[in-house]
Peer 1: 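Please find one structure pasted underneath; my questions will follow.
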Number of protein chains: 4
Amino acid sequence: MAGSVNKVILIGNVGADPEIRRTQDGRPIANLRIATSETWRDRNSGERREKTEWHTVVVFSEGLCKVVEQYVKKGAKLYIEGQLQTRKWQDQNGNDRYSTEIVLQGFNSTLTMLDGRGEGGGSGVSRGGGNDYGGGYEDYDQPRQSSGGGRSGGGQGGQSGGNFSRDLDDDIPF
Amino acid sequence: MAGSVNKVILIGNVGADPEIRRTQDGRPIANLRIATSETWRDRNSGERREKTEWHTVVVFSEGLCKVVEQYVKKGAKLYIEGQLQTRKWQDQNGNDRYSTEIVLQGFNSTLTMLDGRGEGGGSGVSRGGGNDYGGGYEDYDQPRQSSGGGRSGGGQGGQSGGNFSRDLDDDIPF
Amino acid sequence: MAGSVNKVILIGNVGADPEIRRTQDGRPIANLRIATSETWRDRNSGERREKTEWHTVVVFSEGLCKVVEQYVKKGAKLYIEGQLQTRKWQDQNGNDRYSTEIVLQGFNSTLTMLDGRGEGGGSGVSRGGGNDYGGGYEDYDQPRQSSGGGRSGGGQGGQSGGNFSRDLDDDIPF
Amino acid sequence: MAGSVNKVILIGNVGADPEIRRTQDGRPIANLRIATSETWRDRNSGERREKTEWHTVVVFSEGLCKVVEQYVKKGAKLYIEGQLQTRKWQDQNGNDRYSTEIVLQGFNSTLTMLDGRGEGGGSGVSRGGGNDYGGGYEDYDQPRQSSGGGRSGGGQGGQSGGNFSRDLDDDIPF
DNA sequence: TTTT
DNA sequence: TTTT
């Protein structure tokens, strides 16, 4: 279907130190739990009430996984931009189950630290890029939104050899 | 938690005519299934592939429910802005189950028709507004995005009779 | 035109203490300058470079003006959601000039403090609401995103007296 | 500054056939004028009123320029995601002037056709990507949001040979 | 200058 | 004029 948009924007706090797993072929996948909350005043009692919503965020982007690994800790406040995805799985009884997650993969995915933590060397912000299959893209002569932290490799030495194509994979996911 | 944002933006097509239920006290709730899709070219085969994601949208806003009821049909292309919410329920075996939905309720919720259907009288766009439980804002002399509508008589008594047009004004801004 | 969206989302820092003016009939208007920046690595020199963009934000929402007045200071980090608006004016030579601003007015406008400043009593976040002209929605028993903040009354003593209704009007526009 | 976001989302109609210029080194730049509008009912007269806002969109992304060139015509309804940028220039009297534009360049820029025009072969949607310095990226084995159409000479005619590395430039803006 |  |  042409003309479709699937975008989630969250600002919230990380509920626990992230888990980072690896696929069989070595690519990292980070899982985050992020809380957003809203408060309101009860119309009858006049009391302030609060409701917290927990979101599961799955980071496939290799670059963003590095950001997560290095900087994101329990309690961190993040800006997240990703896509909704519902995954089907079977429980122990063989029943179909569904889980909806915010996926950070490829273009239009963003993860930004909002509380100044983990910002060594001008980082703390990053763009999804990458299809999570490769290494690090290296340089550019155009600005990009904030940082680039987590951007692997980094530096000008540049990607040499065979993993250049992996770079491609990584940064041009699809 | 102060400083939190929970926002979903979708552009997609409605998979089936919407269901509209009513609560015991008469408030409408509309359910929509919306498909977004992405396409890509397989790196190996070079073939074009497509993946469709289905989203469940629950409209609590009374005004938006009216828009849905009147204008939204299977196949309609919509712009939706709402919030993520995960609801817990028990299956027939008493197991906890969770469903994640995009909720349109109150401020910052929007539903806009993008394919020109159902736009009699200048409508087809609407803002969530209202907590759908009361109130009754009346009018304004400043533009608001789309809109027009008049928040329903709000209140639970429910808008009867002549204030239907006010409702319209209120909830269907333009 | 049905089916139109005009949305700006910024996260950035306030460049100077806000100015708050009043219209002849007493409504407040706040002006903010907000900086966003992006950094990148020069492809030739390998040096890190940064480009800062300055945005003019005009807050017509009376409720958000209160938040600005009470909490927003030079250096504050804010989340802003508003609309683009280009205003035409004449310079001293009578030439047409245009200024583009991000307007926070009515629905779908948001201003959230992201650095924990000014969050007494659960505040620091607010929704534009209000068309700033009146109305009279009153209360609610459903959550709304964050909120509270700046919500006058909010905070400590709670809104007393006659201006409670104005506050309400203002902040819960419809 | 770490932790900064600068995002504009528009859905509106194109006011005139786009202009496409070229830089001295051959890169395309497309200019679009997009109208969004809002309607409301006057509080006094009860009349419906409408206000249209015109936005200048500048497309630096080479891939998106191709989409614009091929598919975008006067009247087209578009979804646009880009960044705000204010450009300083001098008028004929040497006075400083400023113009604010929505820039589509690099990641996180999107342009999607919403009215089904120009969707031959699965197109009509595209991602910014690219730093606007190169050719066309070719394939991928991960999905990307919608289409990709317009992307690159992509597809059939397609970019040949050595300009693949330029493709890189193009698609990995930074 | 679009669109409804 | 902010921030890192």
Side-chain angles (χ1 to χ4, degrees), chain A residues 71 112-126 145-149, chain B residues 71 112-126 146-148 172-174, chain C residues 1-6 10-19 31-40 48-57 72-78 80 86 114-115 117, chain D residues 1-6 10-19 31-40 48-57 72-78 80 86 113-115 117:
Chain A
Y71 302 118
T112 301
M113 310 285 300
L114 291 177
D115 47 10
R117 307 188 197 195
E119 301 185 25
S123 188
V125 179
S126 198
Q145 184 66 16
S146 276
S147 168
Chain B
Y71 302 119
T112 301
M113 310 285 301
L114 293 177
D115 48 8
R117 309 190 196 194
E119 302 183 26
S123 187
V125 178
S126 199
S146 269
S147 152
I172 309 189
F174 9 126
Chain C
M1 179 199 323
S4 158
V5 171
N6 173 358
L10 300 179
I11 296 178
N13 294 282
V14 176
D17 286 345
E19 296 170 41
N31 272 266
L32 297 169
R33 290 283 286 167
I34 295 187
T36 56
S37 77
E38 35 189 347
T39 61
W40 70 101
R48 180 175 295 281
R49 300 179 59 186
E50 179 172 23
K51 179 160 180 289
T52 295
E53 193 68 39
W54 285 97
H55 309 271
T56 298
V57 175
V72 176
K73 303 295 174 208
K74 175 176 172 174
K77 176 162 284 191
L78 299 183
I80 287 283
T86 298
L114 291 177
D115 48 9
R117 309 190 197 196
Chain D
M1 179 203 320
S4 159
V5 170
N6 174 359
L10 300 180
I11 296 179
N13 294 282
V14 176
D17 286 345
E19 296 170 42
N31 273 266
L32 296 170
R33 291 282 286 167
I34 295 187
T36 56
S37 77
E38 37 189 345
T39 61
W40 70 100
R48 179 175 296 281
R49 300 180 57 186
E50 179 172 23
K51 178 161 181 288
T52 294
E53 193 67 39
W54 284 97
H55 310 270
T56 298
V57 174
V72 177
K73 303 296 174 208
K74 174 176 172 175
K77 175 162 284 188
L78 299 182
I80 287 282
T86 298
M113 310 285 301
L114 291 177
D115 48 8
R117 308 191 197 195

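Note that these values count all heavy atoms, side chains included, but never hydrogens, waters or copies made by symmetry. What you are looking at is a predicted structure, and each value in this text was computed from that prediction instead of being measured.
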Peer 1: Give the minimum heavy-atom separation between Leu114(B) and Lys77(D), together with the two atoms involved.
Peer 2: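 Heavy atoms of Leu114(B) and Lys77(D) come nearest at O-CD, 4.3 Å.
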
Peer 1: Let me know the distance between CG of Asp115(C) and P of dT4(F), rounded to the nearest Å.
Peer 2: 10 Å

Peer 1: Measure from CG on Asn13(C) to C1' on dT4(F) and round the result to the nearest Å.
Peer 2: 9 Å

Peer 1: Residues two or more places apart in sequence or in another chain: which of them pass side-chain contact (heavy atoms from CB on, under 4.5 Å) with Thr86(D)?
Peer 2: Glu53(C), Tyr98(D), Thr100(D)

Peer 1: Give the rounded distance in Å between these two atoms: CG of Leu114(A) and P of dT2(F).
Peer 2: 20 Å

Peer 1: Rounded to the nearest Å, what distance is computed from the CE atom of residue Met113(A) to the P atom of nucleotide dT4(F)?
Peer 2: 13 Å

Peer 1: Could you state the CG-C1' distance from Asp17(D) to dT1(E), rounded to the nearest angstrom?
Peer 2: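 Between C1' of dT1(E) and CG of Asp17(D): 11 Å.
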
Peer 1: Measure CG/Asn6(D) against C1'/dT2(F) and give the value in whole Å, please.
Peer 2: 14 Å

Peer 1: Between Thr56(C) and Arg33(C), is any side-chain donor less than 3.5 angstrom from a side-chain acceptor?
Peer 2: yes

Peer 1: Rounding to an integer number of Å, can you tell me how far Lys73(D) NZ sits from dT2(E) P?
Peer 2: 16 Å

Peer 1: Quick check for you: among dT3(E), dT1(E), dT4(F), whose closest atom lies nearest to any side-chain atom of Arg33(D)?
Peer 2: dT1(E)

Peer 1: Answer yes or no: is there a side-chain heavy-atom contact under 4.5 Å between Ile11(D) and Leu78(D)?
Peer 2: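 In short, these two side chains do not touch, never coming nearer than 4.5 Å.
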
Peer 1: Assess whether one donor atom and one acceptor atom, taken from the side chain of Thr52(C) and the base of dT2(F), lie less than 3.5 Å apart.
Peer 2: yes

Peer 1: Using atom NZ of Lys77(C) as one end and atom P of dT2(F) as the other, report the distance to the nearest whole Å.
Peer 2: 14 Å

Peer 1: For Trp54(D) and dT2(E), do the ring centres fall under 5.5 Å apart while the planes stay under 30° apart?
Peer 2: no

Peer 1: Side chain of Glu50(C): nearest nucleotide among dT2(F), dT4(F), dT2(E)?
Peer 2: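 Among dT2(F), dT4(F), dT2(E), the one nearest the side chain of Glu50(C) is dT4(F).
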
